[in-house]
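Here the structure is laid out as structure tokens; the discussion comes afterwards.
Chain identifiers are assigned alphabetically (A, B, ...) following the order of the sequence lines, protein sequences preceding nucleic acid strands; residue numbering begins at 1 within each chain.
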Amino acid sequence: MIQLNNIEKYYANKGVKNYVLRLVTTTINQGEFVSIMGPSGAGKSTLLNIIGMLEEPTYGSYEFLGEDVTALNERKRIELYRNHIGFVFQAYHLIDEMTVYENIEAPLLYKKVGGAERASRIADLLDRFNMVAKKDLFPNQLSGGQQQLVGIARALAAQPSIILADEPTGNLQSAQAEEIMELFKKLNQEDGITIIQVTHSEKNAQYGNRILHIADGVVKEDVLVG
Amino acid sequence: MVPGVMLTLSAKRFTLNLINMFKLNLKIALRNLFKNKIYAAINIGGLGIGLTAFVLMLLYINHEESYDTWDPALKNVYQIRERHNFFTPDNKEHLQESNESRVANLIRQKVPQVIAVTKVDPDWDFRTGNSVKIGNADPITVYRMKDADSSFFHVFKYKFLQGSENNALKAPKSVVLKQSLARKIFGEGNMLGKVIKVVAWQGDEGTDLTVTGVIEDPETPETAGFTAIMRTGNKDKDPDNPTNSNYCQVYARVNEEADPELLNQTLKKVYVDYKKSTAPLRKIDYKSYFANGKYLQLKAIPLAEVHGNRPFEISWLEKLKPVIAICVFLLLVSIINFVNLATAQSVQRAKEVGVKKVMGAYKQQLIGQFLLECALQSMVALFLSVILIEVLLPWFNTQFHVELSFWHNANLFNILLQLLGLFTLVTLLAGFYPAWILSNYNPASVLKGNYSGSLKGIILRNVLVVFQFIISVTFIIAISVMHLQTNYLYNKDLGFERSNLINIRSGYDQNLAEKIKRIPGVQYVATTTQVMGNAFNVPEEIEYNGNKISLNTVTISMDALSALGVKLLKGRVFSKEYKQDTVNTVVLNEAAAKLIDKNPVGKSYKIIDQDRTFNFQIIGVIRNYHNEGFDKEVLPTLYKVTHLGGTSSTNNLIVRLNSDKSAAIIEKIKAEWKHAYPDFPMEYTTLDSAFDKVLENNRLFINMIMLFSTVSVSLSLLGLFALSTFVAKRRTKEIAMRKILGASNVQIVNLLNKTFLVLVIIANLISWPVAYIVVKKWLNGFAYRIDLPLYPFFLATVISIIIAVLTVSIQARRAALANPVNALKYE
């Protein structure tokens, strides 16, 4: 599904190259649950951003579903966002001025999903995450865990094939964090959604089936879990 | 499924989706507005005020543009203008709206394109109303009743409610009323055949006129406006003696096919031929008369262009130009506030943009969303301004002597279209840049976590703040200079005593004058052709020591100079003790003396009229006194006394009072008047109000500038206030850090002030030369003016700096006093 070849990312500063990523080559297949781990500043988030096409690599090639992403124009990229990729963020990044319902609805509007279909999908998600009673609340009326649940529901609404999560539990207490990770595991195993997460926590990484250890921009280890 | 059906289905889904997205965006916009109530209020309120000024101006322009548009057939009507020097302010030849009355007949007979020609009274400034008497009722004064010949309604096709176009002015001694006047004097019902007695001046015995028609008031204003058209018979024929002439306005209706250029060529030829052939009759040698630069001109001006360029007047568009500039600036200031606040606020929306982008929103969709928000605000602002206009219009109308209306406007549809255009323009101007900035946010950097905003748009924001302050500072300078100039004019020595002096609209009637003189408290009763409020200039060429000098002649009665209280510089003024004073002595004003001789008193000059020579002796020189606006120099003038103490047609009977009880004395004068002229009410003005009238346009202009500058300065300050709030907010972390490192509150306030102070100072430096040029130009419009002082410039700088510092400090202080722990906690 994802094929990275010799990905490099550096910033040139006064003629000196500051590498963030160096010669990263890896393949991630449909249905995998990958955790990217490593110390602060290792390049985890950058790698995830490159996978999510939010940043461009300085060098190297990247194929997403067999398509060369570096050659993609903006329209095509946005199409990928709409149909294949869901993002989950550490700070949830819900839109403050929208209710829970509206936040989940937004991607469907961009994807041009019809009204009836939209309503049933949102109802389904709300039901699944036990948020029906909270659908008309605004994000600041929810706890962090609940906000992240909405964030995930929003990511799932467009029925993506892959979810990219940047420290999804970083702002949460451990009980809530566990709940979120269980949910990810379930999504991966029951719905077959590919998940890539960046995390600090060894415990969280155990929920997945593969760990990429990164240090100083280089993949040091690529291990399977379990 | 059939492909066609599928297509319609997906198209339908697509529109539904658009509507849903629109709804959601609208909701977000509203929620954002409520969240930032104060800024929304500043934004919308400011824009509303800016729009109000602009829309008022639009209404005014529409009003002026609507002149003479009440009938499409008016495109075939022309005003005829003749070049001559009768009754011009500077005694020189000009193309004038009044024509010698013979022109009408000439055109009627010699110009084939013309279908109908009419002669009608012009609007004389100094002539007020006619007295109208119905039966034995008290006379009432009716303004703008005009005398015309029988063809008036063949040229101007008014809609007759009673009577008909063909019969209305067929017989002499008839009158056609406008409905508004008819209602006032008769009420409702059939008025045809009723008789009114019209008295044109106090000595007139009156003419009985029969009502032969009532016409509808047109919806739009008219150049040749009137309340009633009379046919007294005076306009029916021209003077018999070829050397005598009457002056009146002439309008012509031409046939559909007539070409304006060709029409004017024909006019020119016909007119020159006529003047040549009649020159001997008028005892003029054609060749020598037109040798020295004088030339003949007769021109047909399409009615549509008449209002826009009237002789001796600056056209309304020229007059309005500074106002247009001010209104545009005001609107710009409010738009700038809008742009500044929106870009400053954009940090708050960055996350939304980032999230939406990764959800698959196109950039255009985001731009559309933010433009929609802006449109929403401009819409509210527009409604606000419409309300403001409704509230302000009555005040505006009385203040500026206009009759503007909004909802009852004949051109409402047009105005609404213009408003729609304005709305679109404002939305795009105010919304596009912020929308562009916002939609360009890079999601990767926005979503990384803690995003505190970038420097995006800061240069533009600073430029805009500078621009706002340039406008405000220029306004402040302009007001102070205008204030100084106005003070100077108000306190200027006019050359005569304007208090306790009244001017009755009447000629000099010996009997009445004697009676008024006997009233205790009346010092002088006199007449003159030249007094502030009503000056009639007559050119005269004199010969002194072989030099030909052209002077302005004023005819007065013996007491007039004393009554006015002018200051004598040399010699003496007229007096009864000198017999020759009513024959051949003159008094000069300073300006005339300067042209003639250093020491003119006792010297004589000649006037050559055809083959006879008259000698006049100069007996005194008086200080120049003002009788017209301060934009004109006082003309070099000579004063003569006529035999009976004045002609009957001066229309100025000036009365000098030497008592405090002027109201009681005026009542007594009125009583004497009523006794003498029972059919004609007395009208008078005090010279104090005549003086105010001279300065009125100036006063109106200054009031308006004053109003606009106050609004503009407050808008700029509101903008600055809101902007400094955002800046303080954005630098919260920096301020907290500095406090932890030991910065005092004052140092922090200074830190924030410094940024804005630099901008304000730059704005001041730029606005100095701008204000200098603008104010200098304004001052140059006055013949009597102050030297441009420097201190308003410093004053404006000091004021702008003080208020800017105060505004910013309010916010800065709050930021400085905040507990740094709160700011740093969120790291």
Contacting region of L80(A) [heavy-atom separation from chain B under 4.5 Å]: neither
Given I335(B), L331(B), T424(B), the one that forms side chain to side chain contact (heavy atoms under 4.5 Å, CB included) with L429(B): I335(B)
Engaged part of V355(B) at the chain A interface, taking heavy atoms whose separation is under 4.5 Å: side chain
R22(A) (side chain) donor-acceptor with V218(A) (main chain) under 3.5 angstrom: no
E79(A)/K111(A) ion pair, N-O < 4.0 Å: no
Contacts of residues 29-36 of chain B with chain A (heavy atom under 4.5 Å): R31(B), N32(B), K35(B)
Polar side-chain atom of Q148(A) near backbone of F89(A) as donor-acceptor pair, under 3.5 Å: yes
Check: R154(A) side chain, N103(A) main-chain N or O, donor-acceptor pair, under 3.5 Å: no
Sidechain-backbone polar pair: Q141(A) side chain, F138(A) backbone, donor-acceptor under 3.5 Å: yes
Donor-acceptor contact present, side-chain R461(B) to main-chain N340(B), <3.5 Å: no
Side-chain (K363(B)) to main-chain (N440(B)) donor-acceptor, under 3.5 angstrom: no
Residues in residues 68-76 of chain A near chain B [non-hydrogen atoms, under 4.5 Å]: E74(A), R75(A)
Geometric cation-pi criterion, R77(A) with F64(A): 6.0 Å, 45°: no
R128(A) with D191(A): basic N within carboxylate O range, under 4.0 Å: yes
